[in-house]
Amino acid sequence: MLDAFSPLSGSINGLLVALSALTSALSAAVGIGGGSLLIMVMAQVMPATALIPVHGMVQLGSNGGRAVMTWRHIDRGLLAAFLPGVVLGALAAAWLLVRLPSGVLELCIAAFVMFSCWGPGWPRGWLRRGGTFLAGALTTLLSSLVGASGPLVAAVIKQHFSERLPRVATFAACMTAQHLTKAFVFGVAGFVFREWLGLMLAMVAAGLVGTWLGLRLLHRLSEHRFDVLFKWALTLLALRLTWLGIQRLLAA
């Protein structure tokens, strides 16, 4: 039965479905990290041409479910400023569906995230609508090209909120909008989603279960503990990107 989900074997399909539930629970409880962990594993077993579009659709379901479950806590003003940038970034990606210089992009994202977590803070102008608009455009472009924008978006969202629920909810809403554009971008590029539809639907369903479980854990965390977990999750992702960037630069 699992063999019919995608061109992959049934055992691999089952592993990815289970992993979708686990990583969705992680993102819901800690605020970040699940999508990056998922794409790391998917990259080991999935064709490169299918990796980013399939991951994008699975993350659309995971983040969409989390946004719906936490909709009362979404900052609609920030989301409204982010959305026009998402549209602009998606249009740019549709015309520029190529890989950026290998290694450089990962190091730039890692530096941005580390500064957001441990630096003195961004100028106040970055937190206004113009900065949020630019963040939406840039991260959507990067998401469509390399699938690695989650830590970057989380680092931007982190600057706006001190409470855990608005941070998780608004991040989920922004990422939902961003992943939604991938259907357009990769549809224009000619990717055939139908071959992977069964796997995507199964992973989305598992992700919704994981999100529900993760949100139950989130409500039990104190604001301080959540902030510490969120910051260190971002830091570990940044360190991973740094290592990956160095490897790619040396291999180039």
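Numbers here are sequence positions counted from 1.
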For residues 204-216, which side-chain donor-acceptor pairs fall under 3.5 Å, sequence neighbours excluded?
from: Thr211; atom 1: OG1; to: Gly207; atom 2: O; distance (Å): 2.9

For this session: Just grab all the side chain to side chain donor-acceptor pair (under 3.5 Å) pairs involving residues 3-20, residues at least two apart or on different chains.
Result: Ser6-Asn13, Ser9-Ser11
Exercise. Quick one: side chain to side chain donor-acceptor pair (under 3.5 Å) pairs with a partner in residues 190-202, sequence neighbours left out?
Worked result: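 Those involving residues 190-202 do not exist here.
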Exercise. For Arg72, does the CZ atom sit with more than 12 other heavy atoms under 6.0 Å from it, leaving out its own atoms?
Worked result: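 Atom CZ in Arg72 is not packed in, count stays at 12 or less.
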Same cluster or not: [X] versus [Y], using hydrophobic residues (I, L, V, M, F, W, Y) connected whenever any side-chain heavy atoms lie under 4.5 Å apart?
X: Met42; Y: Phe193; result: yes
X: Val45; Y: Leu197; result: yes
X: Val68; Y: Met203; result: no

For this session: Output the distance between atom CE (Met57) and atom CG (Leu180), rounded to the nearest 0.5 Å.
Result: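 Here the interatomic distance stands at 7.0 Å.
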Problem set entry | From CD (Gln178) to CG (Leu60), nearest 0.5 Å | 11.5 Å
Looking only at heavy atoms, which two atoms of [X] and [Y] are closest? And how far apart?
X: Ala202; Y: Phe5; result: CB-CE2, 3.6 Å
X: Thr176; Y: Gly64; result: OG1-N, 3.1 Å
X: Ile157; Y: Thr170; result: CD1-CG2, 4.2 Å

Exercise. Hey, does Arg167 have a side-chain heavy atom less than 4.5 Å from the side chain of Arg164?
Worked result: no
Exercise. With a 4.5 Å limit on heavy-atom distance, are the side chains of Met46 and Leu199 in contact?
Worked result: yes
Problem set entry | Test side chain to side chain contact (heavy atoms under 4.5 Å, CB included) applied to Cys174 and Val86, Asp75, Leu78, the passing residue | Leu78
Problem set entry | Partner residues of Ser24 under the side-chain hydrogen bond (donor to acceptor under 3.5 Å, both in side chains) criterion, sequence neighbours left out | Ser62
For this session: Give the other cluster members for Leu15, using side-chain heavy-atom distances under 4.5 Å between Ile, Leu, Val, Met, Phe, Trp and Tyr residues; answer none if it is isolated.
Result: none
Problem set entry | Cluster companions of Ile74 among Ile, Leu, Val, Met, Phe, Trp, Tyr (side-chain spacing under 4.5 Å) | Trp71, Leu79, Leu83
For this session: With side chain to side chain contact (heavy atoms under 4.5 Å, CB included) as the test, would you mind laying out the steps for Leu16 and Leu8 before giving the verdict?
Result: CA-CA 10 Å; Leu16 292 178; Leu8 302 175; 3.9 Å; yes
